[in-house]
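Only one structure is covered here, and it is reproduced in the block below.
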Amino acid sequence: AALPGVGAPRSAVAAQATPAVAPPRPRLLMSAPEHFEVSYAINPWMEPDRWRPDDATLRRQARAGWDALRATYESLGAVVETMPPVAGLPDMVFTANAAVVIDRQVLLARFRHPERQGEETHGRALFAQLRARGLVDRLHTMPEGVRFEGNGDVVVDNTRGICWMGYGPRSDLRASTTLQAVARRPVWTLELVDPAFYHLDTCLSLLSGGELLAVKRAFSPAGWAQLQAIAGPQLIEMPEEDALQLAANAVCIGRDLVMGHCSPALRARLEQRGYRARVVPLDAFRRSGGSARCLTLELGT
Ligand code: ARG
């Protein structure tokens, strides 16, 4: 996820040309972890039996991590909108899955697992409110029976004028037809083949300069070849240690990369390319298979 930044360092040439007006502030959607827990397993990270004994401690950690994530976004100039949490929907905290928003068009999710399908009506209601406030335009839905898990499986690549869509574990390949119509830009589909990296945003992260951080083993050989063909030297392979901490699940705001983990090796590589890693303690959410980007939905600027 790459969003325009506020107060991002600029090159000397660009600095001269900088207008006096402030850059647009990214608007992000989050949902507080009031009811967050791991009470079922729909991905390999989720172990309800290991969550239960430490439930109270983990909930406290989740709350602290979520608050820190929100504060980090706000310190980087983002505006955070919130979606009211609902009892019995522990994964609603992962707002990235509610929809994808591209140029003010909203394409709502249709969840694969019954455990999360209850989130759909709340998502629709929330986006209707955002529409009434003038923050988005139309709401679109997938055809009957087509699964699609929102920004969890989409990387909106403004540097290339395309969208990347992951499919397999959660979203259906045929969702790309509707996505392409709503996004009005080419959609490149990538098959996800490793159950641990079940959403595209667990294994592909777009930086504001167009670099893509990617977990190689998450993609089919054809998918990886396509990433290489299109991104060329801007494709950066994620170190294994970071991949296993869900470090690819990051949100880039200007030159800051907000993430739940960053090894010294990855930090050095990011710094070489002019990015700062902003690590927020999100371990409690990793036990559900999520990190910074899953907890965040980009609404636009
Ligand atoms: N427990 C959630 C699920 O399995 C985690 C979702 C993470 N979201 C994401 N965008 N990767 O559905």
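Because the structure is a prediction, the values reported are computed rather than measured. Just follow the structure's listing: the first ligand is 1, and inside any ligand the first atom is 1. Positions are given from 1 along the sequence.
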Please report which non-hydrogen protein atom sits nearest to atom 2 (C) of ligand 1, along with the residue it belongs to and the distance in Å to one decimal place.
D91 OD2, 3.3 Å

Record the part of M46 in heavy-atom contact with ligand 1 below 4.0 Å; permitted values are side chain, backbone, both and neither.
side chain

Between W45 and G290, is there a donor-acceptor pair closer than 3.5 Å when you use the side chain of the first and the backbone of the second?
no

Can F285 and F36 be said to form a ring pair (Phe, Tyr, Trp, His ring centres under 6.0 Å), step by step?
CA-CA 9 Å; F285 298 104; F36 173 68; 4.8 Å; yes

List the closest protein heavy-atom neighbour of atom 10 (N) of ligand 1: residue, atom name, distance to the nearest 0.1 Å.
D201 OD2, 2.8 Å

Closest approach of any protein heavy atom to atom 9 (C) of ligand 1, naming residue and atom
C294 SG, 2.7 Å

Less than 4.5 Å apart, any side-chain heavy atom of L69 and any of T296?
yes

Give the numbers and elements of all ligand 1 atoms closer than 4.0 Å to a heavy atom of G152.
10 (N)

Cationic N near anionic O, under 4.0 Å, R112 to D172:
yes

Sub-4.0 Å heavy-atom contact, R293 with ligand 1:
no

Closest to atom 6 (C) of ligand 1 (judged by heavy-atom distance), picking from R116, R170, E119:
R116

Residues R217, E240; criterion salt bridge (Lys or Arg N to Asp or Glu O under 4.0 Å); working and verdict:
CA-CA 10 Å; R217 66 187 167 100; E240 180 75 359; 3.0 Å; yes

Look only at the side chain of N249 and the backbone of C294, and say whether a donor-acceptor pair between them is shorter than 3.5 Å.
yes

Looking only at heavy atoms, is any part of Y198 under 4.0 Å from ligand 1, and if so is it the side chain, the backbone, or both, or is it neither?
side chain

D137 side chain to Q105 backbone, donor-acceptor under 3.5 Å
no

Please verify whether a non-hydrogen atom of F111 lies at under 4.0 Å from ligand 1.
no

Is there a polar contact, in the sense of an N or O pair closer than 3.5 Å, between N249 and ligand 1?
no

Close N or O approach (T202, ligand 1; < 3.5 Å):
no

With a 4.5 Å cut-off on side-chain heavy atoms, are M238 and K216 touching?
no

With a cut-off of 4.0 Å, which atoms of ligand 1 are near a heavy atom of I42?
3 (C), 4 (O), 12 (O)

Tell me if a side-chain donor or acceptor on R110 pairs with a main-chain N or O of P143 at a distance below 3.5 Å.
yes

For E149 and ligand 1, does the shortest N/O to N/O distance drop below 3.5 Å?
no

Where on N97 is there a heavy atom closer than 4.0 Å to ligand 1, on the side chain, on the backbone, on both, or on neither?
side chain

